Every structure is written in structure tokens, then in C-alpha cells.
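Counting convention: from 1, in listed order, for ligands and their atoms alike. All residue numbers refer to positions in the sequence shown, counting from 1. We use all heavy atoms of the structure for the numbers below, so side chains are in, but hydrogens, waters and symmetry mates are not. Computed from a predicted structure; not experimentally measured.
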Amino acid sequence: MNPRDHLLNNGTADAYREAVTGTVERLAKALGAVERPFTGATPGDLAPATDAVDLDTPAASADAALDELADLYLRDAVWFHHPRYLAHLNCPVVIPAVAGESVLAAVNSSLDTWDQSAGGTLIERRLVDWTAQRLGLGESADGVFTSGGTQSNLQALLLAREEACERIAAASRIPLRRPEILPRLRILASDCSHFSVVKAARVLGLGDDAVVTVPTGADRRMRTVALARELDRLAARGLVPMAVVATAGTTDFGSIDPLPQIAELAARHGAWLHVDAAYGCGLLVSRRPERRALLAGIERADSVTVDYHKSFFQTVSSSAVLVRDARTLRHAGYHADYLNPAGGGNPNQVDKSLQTTRRFDALKLWLTLRTMGPDGIGALFDDVLDLAVEAHALVDADPRFAVAAEPALSTLVFRWTGGPPELLDAANRHARAALAASGAGLVAGTVADGAAQLKFTLLNPETTAKDIAAVLDLLAGHAARYAARHAAEHAADLEVQARAS
Ligand SMILES: *Cc1c(COP(=O)(O)O)cnc(C)c1O
């Protein structure tokens with residue numbers, strides 16, 4: 001085949017249709033045959049076949065390449081749509097988003113400048129405005145789509161840093177430069193905040209001790225008394241609270257920091273308020289007013305992170321950073337003569353973004369909203385919140401397990417407690433690994449209260465209480481067998497140690 005026959009253009013529309021429908025046919029078949037979330041394949045199982053592929057010699061045909069891919073990837077893929085995938089913050093995706101993905105791939109707009117995207121720019125802007133309006137950020141709000149919560153948090157904290165630098169420079173009598181200012185800046189975030197905050201501080205050139213950790217209470221929400229104390233301490237030491245990061249939906253517990261109180265304290269100390277709602281943003285479309293009210297106070301944020309690919313059932317990537325004051329986005333901008341010269345007149349999203357070439361991810365959310373409406377997405381998110389309540393009741397009533405915290409959104413952290421205390425950490429870790437190896441279910445693991453925990457992240461409305469109960473039985477079985485195997489060994493070890501000492 002002539003290499004040019006692979007180019008997508010007017011003349012190859014038929015070949016395109018054939019290739020894509022053929023691929024979709026295969027995938028539809030594969031999806032229909034998925035029986036478990038994972039096969040349990042290890043890197044050692046899969047690496048030899050991947051390594052053996054000769055990348056300098058193409059497969060005999062496009063079909064052969066797809067056959068090969070089925071073997072290398074699809075057969076052992078991790079399927080987020082399976083009702084027993086209960087591990088990380090990955091949602092099953094809605095069909096309009098997947099359809100949108102094929103549109104944006106084929107047209108391949110780049111959202112950096114108007115002259116590379118035209119109407120795509122306007123669609124992204126409408127969705128930014130729609131989200132800002134749901135957040136209640138006011139008339140001057142703006143924002144931009146990003147690759148994910150990590151990047152949204154980084155961009156928000158970049159804006160906060162620049163605002164702080166400008167303020168400090170303007171207030172000082174002698175001219176201050178960055179090397180003098182940056183070491184004085186601090187970010188306050190709770191001990192349950194996302195690690196991307198610490199990463200962002202590093203990328204932004206702040207000191208190693210730039211992130212001040214504020215403790216959480218038993219409900220895993222930031223303790224405002226502790227925040228007030230830390231802010232006072234910084235003031236007493238002449239340090240600058242560059243930003244307070246409140247988390248609306250912590251990754252482990254779904255807990256939502258007390259936003260109104262935090263907003264009050266941030267305002268009093270002149271700190272930028274960033275709300276990381278990467279996970280909790282799904283509440284924006286909940287059909288239950290009392291659930292939307294859980295985000296009360298978010299309207300006071302200077303910036304907000306939302307991950308549509310976590311709780312709007314969108315494909316990866318789909319995220320945005322929103323700001324209360326559009327002007328602050330200038331800190332992310334740069335005017336290049338060849339791309340977006342100053343005063344050009346056209347709406348160029350690159351002026352607001354850390355990225356240059358950028359996917360038209362907004363298209364997927366657009367098609368989803370136009371097909372299902374916000375209520376449709378909200379109904380799905382409400383279902384998983386309901387499921388979390390059910391799952392909590394199940395685990396809480398089960399003497400084999402102990403719950404670490406009541407679920408605030410759709411995660412549940414718990415641990416198996418049916419064995420000797422000294423074996424519990426290892427038994428819980430083993431149970432998670434053994435379950436994954438069997439492919440019968442996938443759950444996450446974390447550490448809370450100094451102990452190894454298991455975690456359900458429920459984002460699939462198709463998961464039922466029956467699935468939860470079945471996975472709990474499997475986990476308890478693996479853990480109990482581990483404990484039984486190791487209890488004898490452990491007793492023997494202790495005896496040897498006792499004799500030796
Ligand atoms: C997942 C998550 C992030 C990071 O988002 P990515 O899209 O994975 O980059 C940030 N904050 C919170 C609270 C998250 O749960």
C-alpha cells in the first residue's frame with residue numbers, strides 16, 4: 001500500500017470509514033466479551049510479546065496490526081466499565097464522549113489559536129462559562145481546559161504565585177526580585193490533599209518546605225482551627241501565605257474541606273483560595289439540592305480544578321481550571337510573533353494555557369451535555385453516591401472489616417480485621433494483590449491512621465450491592481488464608497526472637 005493511502009483526506013474518506021468501523025467492530029466484540037475487570041497479567045507475562053515486536057518492520061496489514069494489538073493490550077486491559085472495577089478514580093465513560101473522541105481525532109483541531117480551531121474555541125469557551133456559572137464564580141470568571149487535575153492545580157498555583165509576587169513587589173520599598181520572594185511563599189493544604197500540590201510547588205521553584213500541611217479531623221476534613229493557627233504562625237514569621245488549597249473531594253475519602261470557613265480565613269490573610277474539586281465536581285450536576293449544597297463556599301474561590309474525566313463520565317483527558325478573575329490568566333500567557341501576536345483580536349486560548357498544541361477535549365463534554373443534559377450526568381453520579389451509602393452499610397455491619405471513615409462521596413476506606421493485629425497490614429495488602437491477580441475484582445489500597453487499608457472507589461452506576469458483597473467475601477477469603485498461613489510462621493519467629501534475647 002502506498003504510504004499516502006494512509007493519509008486522511010478527501011480522497012481517503014472510504015478507507016477511513018472502513019478502518020474505523022472495522023476497529024469499532026472489533027472493540028464492540030471485545031467489550032461484549034469482557035467477563036472480569038482484569039486478567040491478572042503481570043508485567044512479566046506481557047513484556048516478552050511487546051519486546052519481541054520489530055518496530056522497524058510493519059505488520060503484514062492493518063488487520064494484522066490490530067490482531068497483534070489485541071494480543072499485546074486488549075486481551076489483558078484493565079476495564080473500568082466492569083462492575084467489579086472498584087479501584088481508582090476512573091469512571092466508565094458515556095457513549096457520547098467516546099463518539100466525540102472520534103470526531104476530535106479525525107478533525108484534529110488544535111485549541112491553541114482561533115486559526116487552528118475556529119468554532120472549537122467557542123465551544124470550549126461556552127463550557128468554561130457553563131462550568132464557572134455552576135460554580136458561581138461570577139461575571140469575570142474564565143478558565144481553560146487542561147490535561148488533568150495535576151495540570152489544573154499547577155496552573156492555579158502558578159497564577160497564585162504570580163499574584164503574590166506582584167503584590168509583594170509592589171508593597172516593598174526596595175525593589176525585590178524573585179529569588180528573594182520565592183523562599184517566603186507558602187501553600188497551605190490538608191494532609192488529605194492531592195500530591196500534585198507538592199509537585200506543583202516544586203515545579204514553581206518554591207522551597208522544599210513551601211507546602212504547610214494542615215491536619216484533618218476524624219472526618220478527614222481540614223481543621224479550620226489548625227489552618228487559622230498555621231496562618232498566624234506564618235504571619236508572625238514574616239512568611240507569605242501564597243495560597244490555601246481546599247480539597248472538595250479528597251482522593252481517598254471524598255471528604256470536602258469546610259469551604260466557607262476556609263474562604264473566610266484565606267480572605268483575612270490575603271491568600272489565594274484554590275479549590276481542588278477534581279473529584280467533587282460531579283456534585284455540580286447532582287439532581288439533589290442537598291448534594292449540590294456540599295460545595296457551598298466554592299463560589300468564593302480564586303481558582304477551581306474540575307476533572308470531567310473523574311465524575312462527568314468523560315474519557316481521559318478532560319479537565320479544566322477555572323478562575324474568578326479572567327485577568328489572572330495573563331500569567332500563563334505569552335505572545336509569540338508567529339502564533340498569537342499581542343493585539344491580534346482573535347480569541348486565542350493559548351493566551352490562557354500552559355500548553356500550546358492542545359486537544360479539543362471540550363468537544364466530548366459538549367456532545368455529552370447536548371445528548372444527556374446535565375441531569376443525565378448528575379443522575380449517574382447520584383447513583384454512585386447512593387451506592388457508596390449502601391457499601392458503607394454493608395462493610396460497617398460486617399464483623400470481618402472496620403471502616404476508616406464514613407464515605408463523603410463515593411469512596412470507602414476500610415480494612416480486614418479478622419486476624420492477629422501484627423499480620424493485618426500484610427494480610428490487607430495481600431488480599432488486594434491476590435484479588436487483582438485473580439482478575440475477579442480490582443480494589444485500591446491506601447494507608448490511613450498508620451495502617452494499610454483497602455479502598456473502593458465507586459464510579460460505576462452498574463455496580464450493585466451484590467458486587468460489593470461478593471468482592472468483600474473474596475477479600476476476606478484471601479486475607480484469612482494469608483493470616484492462617486503466616487500465623488504459625490510468625491509464632492515460630494517470635495519464639496526464636498524471645499530465646500535469642
Ligand atoms: C485525581 C486527582 C487529582 C489529579 O488529577 P489528574 O487528572 O489525575 O491529573 C488532583 N486532585 C484530586 C483531589 C484528585 O482526586
* To do: For the pair Arg330 and Glu166, find out whether any cationic side-chain nitrogen is under 4.0 Å from an anionic carboxylate oxygen.
  => yes
* To do: Check each heavy atom of Gln151 against ligand 1 and say whether those closer than 4.0 Å belong to the side chain, the backbone, both or neither.
  => neither
* Structure fact -> Here the gap from Cys91 atom SG to Tyr308 atom OH, rounded to the nearest 0.5 Å, amounts to 13.5 Å
* For Asp276, is at least one N or O under 3.5 Å away from an N or O on ligand 1? -> yes
* Has ligand 1 got any nitrogen or oxygen that is less than 3.5 angstrom from a nitrogen or oxygen of Thr251? -> yes
* Asked: Could you state the interatomic distance from CD (Glu264) to CG (Leu227), rounded to the nearest 0.5 Å?
  -> 11.5 Å
* Asked: If you measure every N/O of Gly148 against every N/O of ligand 1, is any gap under 3.5 Å?
  -> no
* Asked: Which of parallel (below 30°), tilted (30 to 60°) and perpendicular (above 60°) describes His430 and His478?
  -> perpendicular
* May I ask you to check whether Lys310 has an N/O atom sitting below 3.5 Å from an N/O atom of ligand 1? => yes
* To do: Kindly give the heavy-atom pair with the smallest separation between Leu412 and Pro407, and that separation in Å.
  => CD1-CD, 3.9 Å
* To do: For ligand 1, note which part of Thr305 has a heavy atom under 4.0 Å away: side chain, backbone, both or neither.
  => neither
* Would Ser303 and His274 count as having a side-chain donor-acceptor pair, cut-off 3.5 Å? -> yes
* Asked: Tell me: protein heavy atom nearest atom 4 (C) of ligand 1, and distance?
  -> His194 CE1, 3.4 Å
* To do: Please determine if Thr150 has a nitrogen or oxygen closer than 3.5 Å to a nitrogen or oxygen of ligand 1.
  => yes
* To do: Give yes or no for whether the N/O distance cutoff of 3.5 Å, strictly under, is met between Thr250 and ligand 1.
  => no
* Asked: Would Thr247 and Tyr279 count as having a side-chain donor-acceptor pair, cut-off 3.5 Å?
  -> no
